[in-house]
Amino acid sequence: QVQLVESGGGLVQAGGSLRLSCAASGRTFSLSGMGWFRQTPGKEREFVARISSGGSVNYADSVKGRFTISRDNDKNTVYLQMNSLKPEDTAVYYCARQPYGSTSVARDYPYWGQGTQVTVSQ
């Protein structure tokens with residue numbers, strides 16, 4: 001059973017920072033690609049960042065230079081450091097796990113966390 005548990009969301013003023021964490025169960029975490037996605041009501045789930053098992057990263061253009069994805073395989077955890085937050089970053093943020101490979105496409109990820117709310121005020 002693969003489980004993903006996000007934490008670290010909350011309310012922050014524009015320009016502030018938050019760090020999201022996603023703790024994963026299972027013994028093959030180090031082989032998995034991990035991604036962060038976000039969703040607002042009435043919209044499709046949107047790619048934010050991904051990190052491969054080898055540490056390669058990709059970001060959505062909207063967060064490039066502000067967000068950093070990283071992973072700690074000893075702790076089975078992936079992080080999303082979010083700096084210079086903007087009101088348009090407000091969303092529910094989800095982490096996702098891909099057993100092999102890593103892509104920016106939500107349907108390629110079979111495992112998802114429950115999501116954590118990030119709200120950025122003016």
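Values below: all heavy atoms of this structure, side chains included; hydrogens, waters and symmetry mates excluded.
For the 3.5 Å distance criterion, the side chains of Asp72 and Thr77 fail to qualify, holding no donor opposite an acceptor. Using modelled atom types, one finds no donor on one side chain facing an acceptor on the other under 3.5 Å when comparing Gln81 with Arg19. Between the side chains of Asn58 and Arg50, at least one donor N or O lies within less than 3.5 Å of an accepting N or O.
For Arg38 and Tyr94, the positive end is not near the middle of the six-membered ring at less than 6.0 Å and at most 45° from its axis. Within the cation-pi definition used here (under 6.0 Å to the ring centroid, within 45° of the axis), Arg97 does not qualify as a partner of Tyr109.
For the pair Tyr100 and Ser32, the minimum side-chain heavy-atom distance is 4.5 Å or more.
Here the CZ atom belonging to Arg71 is positioned 7.0 Å from the OG atom belonging to Ser52, to the nearest 0.5 angstrom. Taking CG of Leu31 as the reference point, atom OG of Ser53 lies at 6.5 Å (rounded to 0.5 Å). From Ile51, atom CD1 reaches atom OG of Ser70 across 6.5 Å, with rounding to the nearest 0.5 Å.
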Check the pair Met34, Phe29 against side-chain contact (heavy atoms from CB on, under 4.5 Å), reporting the backbone distance first and the verdict last. CA-CA 9 Å; Met34 300 296 297; Phe29 175 80; 3.8 Å; yes
Please determine whether salt bridge (charged side-chain N to carboxylate O under 4.0 Å, His left out) holds for the pair Asp89 and Lys86, giving the CA-CA distance in whole Å, both sets of side-chain angles, and the decisive distance to 0.1 Å. CA-CA 5 Å; Asp89 294 319; Lys86 304 175 181 180; over 6 Å; no
Applying side-chain contact (heavy atoms from CB on, under 4.5 Å) to Tyr79 and Leu20, what does each step give before you reach the verdict? CA-CA 6 Å; Tyr79 304 97; Leu20 306 183; over 6 Å; no
Does the side chain to side chain donor-acceptor pair (under 3.5 Å) test come out yes or no for Glu6 and Ser21, once each step is laid out? CA-CA 6 Å; Glu6 301 101 334; Ser21 299; over 6 Å; no
Candidate pair Trp36 and Cys22, rule side-chain contact (heavy atoms from CB on, under 4.5 Å), full reasoning: CA-CA 9 Å; Trp36 284 98; Cys22 174; 3.7 Å; yes
Residues Val78, Ile69; criterion side-chain contact (heavy atoms from CB on, under 4.5 Å); working and verdict: CA-CA 7 Å; Val78 63; Ile69 188 171; 3.9 Å; yes
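Under the 4.5 Å side-chain heavy-atom criterion for Ile, Leu, Val, Met, Phe, Trp and Tyr, Val57 and Tyr93 are members of the same hydrophobic cluster. In the hydrophobic clustering of ILVMFWY residues, with side-chain heavy atoms under 4.5 Å counting as a link, Val92 and Val120 come out apart.
Closest heavy-atom contact between Phe47 and Tyr59: CE2-C, 3.8 Å. Considering all non-hydrogen atoms of both residues, Arg66 and Leu85 come closest at NH1-CA, 3.9 Å. Between Thr90 and Gln117, the shortest heavy-atom distance links the atoms CG2-NE2, 4.0 Å. Counting all heavy atoms, side chain and backbone alike, Ala49 lies closest to Leu80 at CB-CD1, 4.2 Å. Smallest separation of non-hydrogen atoms from Val118 and Gly9: CG2-CA, 4.1 Å. Heavy atoms only, all atoms of each residue included: Gly33 and Ser102 are closest at CA-CB, 3.7 Å.
Within the 6.0 Å centre-distance limit, the rings of Phe37 and Trp112 are counted as a close aromatic pair.
Counting heavy atoms of neighbouring residues, nucleotides and ligands inside a 6.0 Å radius, atom CD of Glu44 does not exceed 12 of them.
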